[in-house]
Amino acid sequence: MDPNLNTAWNSFLLFFHQAKNYLTEPWAAYQLAIIGGCYAIAWLLSFKLEPIVEARARTIKGNPGLLRIIVAFMRRLEWVFFLIFVYIAREIVLLNTWPSRTFVLTAALVLASAWLALVVLTRIIQNRTIARVVAIGAFAYIALGVLDIRGPVSEALDNAAINLGDFKLSILFVLRIVFLTSLFLWLATLFGTFFDNRINAISDLSPSFKVLSGKIVKVGLIVIALVVALTAAGLDLTTLTIFSGAVGIGLGFGLQKVVSNFISGVIILVDKSIKPGDTIELGDTFGWIRELRARFVSVITRDGREYLIPNEDFITQQVVNWSFSNKLVRLDVEFGVSYDSNPHEVARIAIEAAKDIPRVLTHKAPVCWMTEFGASSLDFKLRFWIGDPQEGLTNIRGQVLLALWDAFQENGIGIPYPHREIIMKTPIEVKRSE
């Protein structure tokens with residue numbers, strides 16, 4: 001067996017041997033029985049009172065985050081009662097014996113308080129799995145300190161290592177790396193979100209510049225957090241040069257699309273070709289942009305679907321931006337009327353009908369032109385402008401067509417349909433079969 005692993009194993013054996021000797025003493029058994037009884041009574045009380053108290057807590061109006069913590073506290077009333085009962089039992093035992101004979105009660109009191117505090121406070125983390133991992137990790141660290149075995153356990157974890165040349169890879173080192181990296185990344189994300197919200201609150205900046213600034217701040221903070229975390233964990237960054245070069249080559253081949261989409265996203269933000277709120281058309285997708293991300297663009301269509309389109313598509317394909325320079329959009333509606341209608345009156349009536357629609361702009365007046373003498377109708381084209389293409393194009397065309405129908409019905413203008421007349425130059429005899 002590796003000498004380091006052998007030393008770690010011996011340290012764990014020594015700890016368990018000492019714990020076994022202490023727990024076999026009579027006073028330790030008495031304290032454990034008291035702890036079990038306190039928890040049983042606390043559980044029975046909380047079983048009756050917890051639903052009532054939680055229902056009252058949910059009537060509190062205010063901060064949802066604070067309400068989440070209060071409800072989490074109310075759901076663990078058994079631990080509150082348990083702490084009260086253990087504290088009373090410990091004081092009673094102290095009045096009748098030596099303080100050294102209350103070690104288990106004191107440890108249970110401290111550990112239960114720490115667990116209750118951690119479980120309640122970690123409710124601010126919305127991801128339940130991460131919150132549970134954080135609570136368990138922090139409790140384990142506190143418990144080792146309370147039991148006064150943090151030093152031996154740290155030494156054992158440090159000895160459980162593999163030597164990679166001059167580098168020692170131990171379990172303690174891995175745990176330290178994971179903890180510090182998670183902590184600093186969480187802080188970087190927290191501060192990045194804070195600065196991003198402050199940047200978005202500045203009204204003088206364009207939407208694209210806000211998104212670009214927010215992304216730069218977040219990426220910069222994450223890079224700094226990683227460097228600080230690795231340095232704080234005791235890792236010499238110069239040893240990663242060769243490794244990072246090899247990984248970089250692998251990533252260059254395996255993550256080409258990811259890198260391409262990231263760079264395309266930066267280009268989009270810099271040249272301001274699209275921005276949140278724009279109405280765009282890409283292939284068969286028509287909608288407005290909700291958000292620009294590092295890898296994709298979120299586009300919401302009129303039917304409520306949200307398409308996550310890679311940034312690269314906005315660089316390599318033809319994109320129709322209906323609101324690139326402004327949101328004014330001109331639409332055409334074609335229609336035909338019968339030949340016995342006055343084309344001058346038809347054009348006037350069509351223009352007036354379009355003006356009555358709320359979404360049709362009046363400062364850019366609609367126009368109507370006769371375009372053709374059709375096979376069975378006089379053909380016209382009605383042109384009008386709207387300033388809110390994100391509200392939809394098909395619906396406004398439909399509203400205009402319905403307004404034309406109503407106006408033509410009121411004024412006796414007919415809308416023809418194709419028909420054919422057959423004129424026979426010579427008489428035809430029609431006989432009925434018997």
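This is a predicted model, so every value here is computed, not measured.
In this structure, K275 NZ and L292 CG are separated by 10.5 Å, a value rounded to the nearest 0.5 Å. We find the CD1-CG distance between I349 and L404 to be 10.0 Å, quoted to the nearest 0.5 Å. Here W369 contributes atom CH2 and R383 contributes atom CZ; the two are 9.5 Å apart, rounded to the nearest 0.5 Å. Atom CZ in F384 sits 7.5 Å away from atom CD1 in I357 (nearest 0.5 Å). Taking CG of D388 as the reference point, atom CG of L361 lies at 7.5 Å (rounded to 0.5 Å). The CD1 atom of I289 lies 8.5 Å from the CD1 atom of I309; values are rounded to the nearest 0.5 Å.
Annotation: cation-pi geometry satisfied between K364 and W385 (NZ/CZ under 6.0 angstrom from ring centroid, within 45° of ring axis).
In this structure, V299 and E306 have side chains that are not in contact, with every pair of non-hydrogen atoms separated by 4.5 Å or more. Residues L83 and S113 are in side-chain contact: their nearest non-hydrogen atoms beyond the backbone lie under 4.5 Å apart. Side chains of T301 and T285 form a contact here, defined as non-hydrogen atoms less than 4.5 Å apart. In this structure the side chain of Y307 reaches within 4.5 angstrom of the side chain of R305, judged on heavy atoms. Using a 4.5 Å cut-off on side-chain heavy atoms (C-beta onward), T106 and R90 make contact. Taking the side chain as every heavy atom from C-beta outward, L378 and F373 approach each other to under 4.5 Å. Residues I386 and L393 meet the side-chain proximity criterion, which asks for heavy atoms closer than 4.5 Å. Within the 4.5 Å cutoff, side-chain heavy atoms of P343 are placed close to those of F380.
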- Item | side-chain contact (heavy atoms from CB on, under 4.5 Å) assessment of L44 paired with S46 | CA-CA 6 Å; L44 291 174; S46 66; over 6 Å; no
- Message: side-chain contact (heavy atoms from CB on, under 4.5 Å) for L45 and F85? Distances and angles first, verdict last.
- Response: CA-CA 12 Å; L45 284 176; F85 296 150; 3.6 Å; yes
- Item | Criterion side-chain contact (heavy atoms from CB on, under 4.5 Å) on M370 and D379, from CA distance to verdict | CA-CA 6 Å; M370 181 176 171; D379 296 333; over 6 Å; no
- Item | Verdict with reasoning, V337 to S377, per side-chain contact (heavy atoms from CB on, under 4.5 Å) | CA-CA 5 Å; V337 297; S377 65; over 6 Å; no
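For the ring-ring contact (aromatic ring centres under 6.0 Å, His included) test, residues two or more places apart in sequence or in another chain that qualify with F82 are Y39, W79. W43 is linked by a ring-ring contact (aromatic ring centres under 6.0 Å, His included) to F47, counting only residues two or more places apart in sequence or in another chain. Applying the side chain to side chain contact (heavy atoms under 4.5 Å, CB included) rule to Q318 yields no partners; only residues at least two apart in sequence or on another chain are considered.
Counting heavy atoms of neighbouring residues, nucleotides and ligands inside a 6.0 Å radius, atom CZ of F191 does not exceed 12 of them. Dense packing is recorded around CZ of F286, with more than 12 heavy atoms of other residues, nucleotides or ligands lying under 6.0 Å away.
Residues A42 and F81 come closest through the heavy atom pair CB-CB, 3.6 Å. Looking at every heavy atom in both residues, S341 comes nearest to V346 through CB-CG2, 4.0 Å.
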